Number of protein chains: 2
Amino acid sequence: MAGPRTISLDAMGGDEGPAVVVPGAAIALDRHPDVQFLLFGDQARIAPHLEQHPPLVERSRIVHTDAVVEMQDKPSQAVRRGRSSSMWLSLDAVRKGEADFMVSAGNTGALMAMARLVLTTMPGIERPAIAGLWPTVSGTCIVLDLGANVGATARQLADFALMGAAMARAVLQIERPRVGLLNIGVEEIKGVEEVRQAHAWLKENDLPIDYVGFIEGDQIGQGTVDVVVVEGFAGNIALKTAEGTAKQMAVWVREALTSSVAAQLGALLASTGLRGLKERMDPRRRNGGPFLGLNGIAIKSHGGTDAFGFASAIEVGYDMARSNVLERLAADLEALHGKLGQPEAAGGSS
Amino acid sequence: MAGPRTISLDAMGGDEGPAVVVPGAAIALDRHPDVQFLLFGDQARIAPHLEQHPPLVERSRIVHTDAVVEMQDKPSQAVRRGRSSSMWLSLDAVRKGEADFMVSAGNTGALMAMARLVLTTMPGIERPAIAGLWPTVSGTCIVLDLGANVGATARQLADFALMGAAMARAVLQIERPRVGLLNIGVEEIKGVEEVRQAHAWLKENDLPIDYVGFIEGDQIGQGTVDVVVVEGFAGNIALKTAEGTAKQMAVWVREALTSSVAAQLGALLASTGLRGLKERMDPRRRNGGPFLGLNGIAIKSHGGTDAFGFASAIEVGYDMARSNVLERLAADLEALHGKLGQPEAAGGSS
């Protein structure tokens, strides 16, 4: 299978802009020597970083623009004023077929709004979802929606299942991923009609996934499923809470291993194992969340990541572009929508 | 301040029933030699456990009943058929003033439904919330709602702030607790009107709390606030996800410290520090979630905990009963409701 050829990067996005994006691209080029890059942004700020990576110079073209979407811009402002911004232009390169996918570490809300406008959503999809890689005891799973939407109708949850499965095929190389619907374990309480309806649909219909039913929050990290489906408010809170808990544990482990001279000596002896632990916990290895449900591949990188983390986000886009995941996903969604009929008038809580 | 005198226990609740409840009571009696216990349940099953704790025999009375609420009973079934159950009777002892508070490790949904019927809700409160203790880097905070309700109106979220503050005063001994409203960091997305309205109310009104505004999931474990307010679906998912992440980290730490002979030796040297780590992570120390918003104190213990964990749940009830927390809370809620006026007709998503 031939890999993607051209990668479009918003060189100005993220806390550090080109200081992270350019060395990130250099790492990606090391892994995939065939690719080339379109770097959108301020020529004068990009060039000095690019010069430090001679092989990358050969494979890159800077497309200059002065306009930048700032981290604090509101999405509506960004969309109105930012049509010549590095973010918009890097998305537009995907739309025009000049690039196979794009990556930006910029303002999430603005990227989401622009991606919808530039790439447009797939038929029957109103808003894309943000998916992410989540470390488990046994490997990695995919969780969506991580906060692109608040609330989700049953249809949207069912769509998320297929979107997540598409990403699992591309990124985890699992052809028929296990999919679970995140729920809470309390019986007979009102308000989760959407989750129950989605559960019924995913169970009844013959879909290209292995639907395992409801799961609870503690099963995400156990690796019970490959794809976890949840509406975006709870999904975002779950993600942030897990990140916070992991950090908290890291602080406690560090305190435990520096609590005495004996403990420090012990940590020294165990240093190889502890390095492995640190690597497993490294969030940079799971950086890169695609917007799913768009007619084009757009990857959101964490704004505060470094070059290594940015390269991970490029890797997610590379895997998705290589797998021609969008064509298959569009067909799967069309088949599902055919089975479910017209959407309900109400449109749920989002 | 005189402590509570009589504690009502559902001796049949939880995975192990009296085998956990009775030794749990023995630990609590050790801590508070003045208290006495009403043990509701099957005399023949309770007595053998009780006999193993002579000091407890002196301070306990078994109130026999054959009827038990099973873990798989639906709340509506439990309420219809379970009026002579150990769960119902142990709640009723609180209503009748025969006990200062009750603890059950039984079926959450059933306990919730029965508690509403037996103890009734405070004026202006439709459904109670479940609160819980959450370990932070620097200590402990309180999170609610952990799943008693799905969705919450702005009014309910504002109520939760006062309920959590009441628990913080009683259990954490913080007179004016810092309160945060859990939200997600994406701007300009629809669907969190309730959260925004609650934010405005908590900010504008002069309340007996230190309202700090929105927080995100990763701040819970950082100890940014003493009380975290969130609707129950996301709250339950956050709790379970944090538990899952902590377990996952524990597995990884164990693997890191057994990955080689050197690592094992290192772990041995660091064993004192690691024991401290294990203690900090021990979920039994934070067991015990009160239902808040009721005219009486009912504490839910985890169904799978052991005697030490059950004693922690008794401790939460003890602290709350000692502080006369309900009278103050009812007054605070009344004052808030007076400021907010009549509830909206719609009633939000729950």
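The structure presented is a predicted model; accordingly, all values stated were derived computationally and were not measured. Letters A, B, ... are given to chains in the order of the sequence lines, protein chains preceding strands, and every chain is numbered from 1.
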Honestly, the part of B/N107 sitting under 4.5 Å from a heavy atom of chain A is neither
Under a 4.5 Å heavy-atom cut-off, does chain A meet the side chain of B/M112, its backbone, both or neither? neither
Atom of B/G151, atom of B/Q156 and distance for their closest heavy-atom approach: O-OE1, 4.3 Å
So do B/L239 and B/W134 actually touch side chain to side chain, heavy atoms under 4.5 Å? yes
Go through the atoms of B/T241 and report whether side chain, backbone, both or neither lie under 4.5 Å from a heavy atom of chain A. both
Closest non-hydrogen atoms of B/R280 and B/R286, given as atom of the first, atom of the second and distance, are O-NH1, 3.1 Å
Region of B/V261 that comes under 4.5 Å of a non-hydrogen atom in chain A: neither
With a 4.5 Å heavy-atom cut-off, do B/L277 and B/L274 have their side chains touching? yes
Quick one: which of B/I237, B/V195, B/I220 has the most heavy-atom pairs under 4.5 Å with chain A, could you say? B/I237
Only pairs of heavy atoms separated by less than 4.5 Å count here; which of B/A242, B/A110, B/G235 has the most with chain A? B/A242
With chain B as the partner, which of A/S271, A/G244, A/G276, A/S260 has the greatest number of non-hydrogen pairs under 4.5 Å? A/G244
Would you please name every residue forming a side-chain hydrogen bond (donor to acceptor under 3.5 Å, both in side chains) with A/D15, sequence neighbours left out? none
ring-ring contact (aromatic ring centres under 6.0 Å, His included): pairs with one or both residues in residues 212-250 of chain B, sequence neighbours excluded: B/H199-B/F214
With the side chain counted from C-beta on, respond yes when B/V69 and B/D10 share a heavy-atom pair under 4.5 Å apart, and no when they do not. no
Hey, are the side chains of B/M281 and B/P135 touching, using non-hydrogen atoms and a 4.5 Å cut-off? no
Flag the pair B/V68 / B/S85 as yes when at least one side-chain heavy-atom distance between them is below 4.5 Å, and no otherwise. no
A/D226: partners by side chain to side chain contact (heavy atoms under 4.5 Å, CB included), with sequence neighbours left out: A/I174, A/P177, A/R178
Do any of residues 245-258 of chain B have a heavy atom less than 4.5 Å from a heavy atom of chain A, and if so, which, in residue order? B/T245, B/A246, B/K247, B/Q248, B/M249, B/V251, B/W252, B/V253, B/E255, B/A256, B/L257
Quick check on the interface: out of A/D218, A/L265, A/N183, A/L182, who has the most heavy-atom pairs with chain B under 4.5 Å? A/D218
Output the option from A/S259, A/A262, A/A234, A/A267 having the highest count of non-hydrogen pairs under 4.5 Å with chain B. A/A262
